[in-house]
Amino acid sequence: GAGVSQSPSNKVTEKGKDVELRCDPISGHTALYWYRQSLGQGLEFLIYFQGNSAPDKSGLPSDRFSAERTGGSVSTLTIQRTQQEDSAVYLCATREWGYEQYFGPGTRLTVT
Amino acid sequence: GENVEQHPSTLSVQEGDSAVIKCTYSDSASNYFPWYKQELGKRPQLIIDIRSNVGEKKDQRIAVTLNKTAKHFSLHITETQPEDSAVYFCAASASQGNLIFGKGTKLSVKP
């Protein structure tokens with residue numbers, strides 16, 4: 001079946017602009033996570049949605065970052081007033097009832 | 001919060017040899033420990049995972065061991081092949097929450 005998809009695959013933006021990154025989960029997956037991977041680094045947790053519960057935002061690095069998940073399906077990560085240090089690959093992962101998280105291909109964000 | 005340390009950061013082996021990557025975690029509440037393989041420019045792919053109610057799990061050439069008392073877990077790859085070359089990440093989570101990742105190990109398998 002279809003896996004996790006993300007769009008756009010690449011995004012180049014100017015410093016100070018806002019960007020929106022989209023994640024389409026595997027159908028039926030109730031949990032959705034956003035991670036960030038900077039060049040040559042590990043993955044850093046950003047935010048976690050589980051069903052209709054309030055999201056766990058404990059990993060968001062600043063108030064310029066926000067995310068929403070509409071209808072328990074598609075999620076959008078928004079970064080306002082982008083900075084050069086926001087340049088990274090943003091990965092979305094989803095999970096059904098078990099433990100395994102399935103990753104999307106990521107969005108490579110470059111802030112110039 | 002949870003902290004995961006991973007060693008070594010780079011590992012080079014000859015084809016056919018074994019490779020071992022070790023991770024430690026700090027939060028005793030963590031109960032799920034996956035290992036991901038990430039090839040250059042690709043998404044992380046789960047290769048094996050273990051839950052805290054078992055001490056060892058094996059899948060063909062790959063095995064993972066968990067020592068809950070010492071809070072460490074290891075990935076073992078036997079009979080390595082060039083296609084095993086990639087970056088490997090360990091991770092830990094509690095109660096199906098978010099994963100906390102180690103910083104990765106770049107494995108190179110020389111033919």
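The chains referred to below are lettered A, B, ... by the order of the sequence lines, with proteins before strands, and numbering in each begins at 1.
Judged by distance alone, the side chain of A:E44 and the main-chain N or O of A:R36 form no donor-acceptor pair under 3.5 Å. Side-chain atoms of B:T105 never come within 3.5 Å of backbone atoms of B:S9 as a donor-acceptor pair (strictly under, hydrogens ignored).
Neither the backbone nor the side chain of B:P34 comes within less than 4.5 Å of any heavy atom in chain A. Proximity to chain B (any heavy atom under 4.5 Å) is restricted, for A:Q37, to the side chain, taken from C-beta onward. Interface residue A:L91: only side-chain heavy atoms are found under 4.5 Å from chain B. Interface remark: A:Y33 contributes side-chain atoms only to the contact with chain B (heavy atom separation under 4.5 Å). Contact of B:Q38 with chain A is made through the side chain alone, with heavy-atom distances under 4.5 Å. For a residue to count as touching a neighbouring chain, one of its non-hydrogen atoms must lie under 4.5 Å from one of that chain's; by this rule A:W34 does not touch chain B. Only the side chain of A:Y48 has a heavy atom closer than 4.5 Å to any heavy atom of chain B.
Ionic pairing of A:R64 and A:D18 is not present here: no N-O contact between side-chain nitrogen and carboxylate oxygen is shorter than 4.0 angstrom. Salt bridge present: B:K37 and B:E39 bring a charged side-chain N and a carboxylate O closer than 4.0 Å. Salt bridge absent: B:K57 and B:D59 never bring a charged side-chain N and a carboxylate O closer than 4.0 Å.
Transitive grouping of hydrophobic side chains (ILVMFWY, heavy atoms separated by less than 4.5 Å) keeps B:L46 and B:F33 in distinct clusters.
No donor-acceptor contact under 3.5 angstrom links the side chains of B:R43 and B:Y36, judged on distance only.
Heavy-atom proximity under 4.5 angstrom to chain B picks out nothing from residues 73-90 of chain A.
Remark: B:N67 CG to B:T24 OG1 distance equals 11.5 Å, nearest 0.5 Å.
Applying the disulfide bond (SG atoms under 2.5 Å apart) test to pairs two or more places apart or on separate chains, those with a residue in residues 8-43 of chain A are A:C23-A:C92.
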